[in-house]
Undergrad: 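Take a look at the following structure, please.
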Amino acid sequence: MTAPATSSPTTTTPATTDDGPGQPGPRAAEDPFDKDVLPTPPGATGALLRSLLAPLRARVALTTLLLLLQQAAVQAGPLLVAYAIDRAVPAWRSDDHGPLAAAGVGYLLCALASGGLQYAFLIASAHVSQDVLLDLRGRIFRHAQALSLDFHERYTSGRLISRSTSDVEALRELLEEGLQELVSVVLSFLFISAMLLWLDLGLGAVAVASFVPLYLLVRLYQRRAGRVFTARSTAIAAVIVKFVETMNGIRPVRAFRREAVNEAGFRVLNHRHERRNGDALLEMARYVVGSRLVANAAVALIVLWGATRVADGSLELGVLAAAVLYLRRLYDPIDRLGMFLNSYQSAAASLEKIAGLLAQTPSVPEPSTPRELPAPRSDLPGREVVFDGVSFGYRTGGEVLPRFDLVLPAGQTVAVVGSTGAGKSTLAKLLARFYDPSAGRVLLDGVDLRELPMPELRRGVVMVTQEAFLFSGTVAENIAIGRPDASREDIERAAKAIGAHEFVSALPDGYDTDVRKRGGRISAGQRQLVAFARALLADPAVLILDEATSSLDVPGERAVQAAMTTVLRGRTAVVIAHRLSTVEIADRVLVMEHGRIVEDGTPAELVDGAGRFADLHRAWRDSLA
Ligand SMILES: Nc1ncnc2c1ncn2[C@@H]1O[C@H](COP(=O)(O)OP(=O)(O)OP(=O)(O)O)[C@@H](O)[C@H]1O
Ligand SMILES: [Mg+2]
């Protein structure tokens, strides 16, 4: 067998092994998001562990106490054997039956007590670990959900999944199995050493001397295993990420016949994990063999030396028997100490990754001192939007929107047009506060979006995008997301208003059709209609439609257009559309190029002018003819 830690395997193409899953092209070399372990403040991992255990302090103490008592019951056994051989058997010979009976009953009681205590301990420790894991999974979910979009764009969902599955699992192993091992190993070491020294100083000294090579062995193992286990957990995370991302993108995978390429990439990662696993097993095997060798040598030494001493009468046979029994008990758990160190290393590596994730702060945070929006005005529905000296660039790129000012009066319908990549969606995302501007402010009725409580912002500004996403649940539930207290009538009214009622009624269970179940699968255009109805029902002061009708057929789009005046009435609206038919209902048109607003006027003004919009409009007219 080759040594996997150093050999370079033959089946892989080295240059691609560390490539992210399915992301071709060059990437920034120094992005910390390329690694599994995000920069973690010093001490964060320990603090996380303490904060998980703090609420369970009493139960942790109880669990430890149970374990201590159980160990005491276990360790009493050999002592009773020594007593039986050296005292009770001679007493029995002189017709005193009491001591042997006492030793037998005592041994039985100890066995019973140890069983009962073990049972209680297992239950108590399972409760502790279940509570810790419940808390941790909840924290990961809440925290990840609260983090801003730019985090999720860089930290893939595959990695989030591996944090809350394999990493939490590593911690479970430590809590449910590892800690018990550690405590019982340490306790037996202390107890048995003391016992051996008390029984016979010489034998005890030999046993204690054997701890030195064992200790060195453990240290060596720990150092080597640390590296190996981190590599292993990184490798399994890469496997999960690749898996999740491939399945998430299964449509393009099919469309572009990427199966073979993906499979090759997956095979590389899968094999790498297997090799890392092999490395870990090899380390463990070396450790187990080494520790057994030392242990057996020590036992052999003690038996030999002890037997000569029994023969010359300087040692009682019972003491030698007890010493050998104790030594077996002492060395047995050393293998398991290796296991414990494994689970400890894995858990430490995992916990560090989780702590790194939990240390991330949202780049779009909740305000610390929130401000209320002024009361809505009855004469002027909708809210005024002001971009005040705003500029913006995504974290991963250069400036997308150079500094600009823009006022959208309350109640106005503004169409935004411009070529692909001009920055239209970016403008909309700033207004919905998916991102904060790099400089300047976005104001809603004079209040900076950063000062608005998130729930109020989400109620006030709603964005419907091209990718209409439906959550698992019924069609009615999906429409009611923006207003969970809406009645069935409200839901149907919204659906009717945008022309979705017809197709929904034709579904197997109508509005109660589960969108993820068979028969509930609905088309992209139908999804957009549901998203539209959702936005209408939410009744926001500011509505943003970003290519929201792009998947509709011409009659479908006509139907939405017809409803549009109703939908947009009484609110401020930003409508982004490539199809100029949408633009005609707007009060005002903005034309964007390369992040700048290059034209601004009513549709009629711009059509009659000599600018970009007039060109676009002419081309569009010609295409219709
Ligand atoms: N999440 C992102 N991270 C980094 N850069 C981005 C991101 N989203 C958009 N960009 C970049 O910002 C620029 C503007 O993109 P934006 O999506 O605003 O264009 P758009 O006008 O909406 O285009 P389209 O008509 O194709 O939807 C583009 O150059 C794009 O590459
Ligand atoms: Mg866009």
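Both ligands and their constituent atoms are indexed starting at 1 by order of listing. Everything quoted here is computed from the prediction, not taken from an experiment.
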Undergrad: Strictly by modelled atom types, are K353 and S233 linked by a side-chain donor-acceptor pair under 3.5 Å?
TA: yes

Undergrad: Between the main-chain N or O of T474 and the side-chain N or O of E477, is there a donor-acceptor pair closer than 3.5 Å?
TA: yes

Undergrad: Which pairs would a plain distance check flag for residues 425-434, meaning a side-chain donor or acceptor within less than 3.5 Å of a matching protein atom at least two apart in sequence or in another chain?
TA:
{"unit_1": "S425", "atom_1": "OG", "unit_2": "D546", "atom_2": "OD2", "d": "2.6"}
{"unit_1": "T426", "atom_1": "OG1", "unit_2": "Y394", "atom_2": "OH", "d": "3.0"}
{"unit_1": "K429", "atom_1": "NZ", "unit_2": "Y394", "atom_2": "OH", "d": "3.3"}
{"unit_1": "R433", "atom_1": "NE", "unit_2": "D436", "atom_2": "OD1", "d": "2.7"}
{"unit_1": "R433", "atom_1": "NH1", "unit_2": "P365", "atom_2": "O", "d": "3.0"}
{"unit_1": "R433", "atom_1": "NH2", "unit_2": "P365", "atom_2": "O", "d": "3.0"}
{"unit_1": "R433", "atom_1": "NH2", "unit_2": "D436", "atom_2": "OD2", "d": "2.9"}

Undergrad: Please determine, by modelled atom types, if T465 and E547 share a side-chain donor-acceptor pair under 3.5 angstrom.
TA: no

Undergrad: Regarding S51 and R139, is there a side-chain donor-to-acceptor distance under 3.5 Å anywhere?
TA: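 Present: a donor and an acceptor within the cut-off.
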
Undergrad: Are there any protein N/O/S atoms under 2.8 Å from the Mg ion (ligand 2), and if so, which?
TA: S425 OG

Undergrad: Which pair of non-hydrogen atoms, one from V416 and one from M592, has the smallest distance, and what is that distance?
TA: CG1-SD, 3.9 Å

Undergrad: Flag yes if more than 12 heavy atoms outside E263 fall under 6.0 Å of its CD atom; otherwise flag no.
TA: no

Undergrad: Who passes side-chain contact (heavy atoms from CB on, under 4.5 Å) against F256, sequence neighbours left out?
TA: P252, R258

Undergrad: Would you call D539 and R483 a salt bridge, using N to O less than 4.0 angstrom?
TA: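 Salt bridge flag = no for R483 with D539.
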
Undergrad: Which protein N or O atoms sit under 3.5 Å from any N or O of ligand 1? Give atom names and distances.
TA:
{"unit_1": "ligand 1", "atom_1": "1 (N)", "unit_2": "E153", "atom_2": "OE1", "d": "3.2"}
{"unit_1": "ligand 1", "atom_1": "1 (N)", "unit_2": "E153", "atom_2": "OE2", "d": "3.3"}
{"unit_1": "ligand 1", "atom_1": "8 (N)", "unit_2": "Y394", "atom_2": "OH", "d": "3.4"}
{"unit_1": "ligand 1", "atom_1": "18 (O)", "unit_2": "S425", "atom_2": "N", "d": "3.4"}
{"unit_1": "ligand 1", "atom_1": "18 (O)", "unit_2": "T426", "atom_2": "N", "d": "2.9"}
{"unit_1": "ligand 1", "atom_1": "18 (O)", "unit_2": "T426", "atom_2": "OG1", "d": "2.4"}
{"unit_1": "ligand 1", "atom_1": "19 (O)", "unit_2": "G423", "atom_2": "N", "d": "3.4"}
{"unit_1": "ligand 1", "atom_1": "21 (O)", "unit_2": "A422", "atom_2": "N", "d": "3.2"}
{"unit_1": "ligand 1", "atom_1": "21 (O)", "unit_2": "G423", "atom_2": "N", "d": "2.9"}
{"unit_1": "ligand 1", "atom_1": "21 (O)", "unit_2": "K424", "atom_2": "N", "d": "2.8"}
{"unit_1": "ligand 1", "atom_1": "21 (O)", "unit_2": "K424", "atom_2": "NZ", "d": "2.9"}
{"unit_1": "ligand 1", "atom_1": "22 (O)", "unit_2": "S425", "atom_2": "N", "d": "2.9"}
{"unit_1": "ligand 1", "atom_1": "22 (O)", "unit_2": "S425", "atom_2": "OG", "d": "2.6"}
{"unit_1": "ligand 1", "atom_1": "23 (O)", "unit_2": "G421", "atom_2": "N", "d": "2.8"}
{"unit_1": "ligand 1", "atom_1": "25 (O)", "unit_2": "K424", "atom_2": "NZ", "d": "2.8"}
{"unit_1": "ligand 1", "atom_1": "25 (O)", "unit_2": "H578", "atom_2": "NE2", "d": "3.1"}

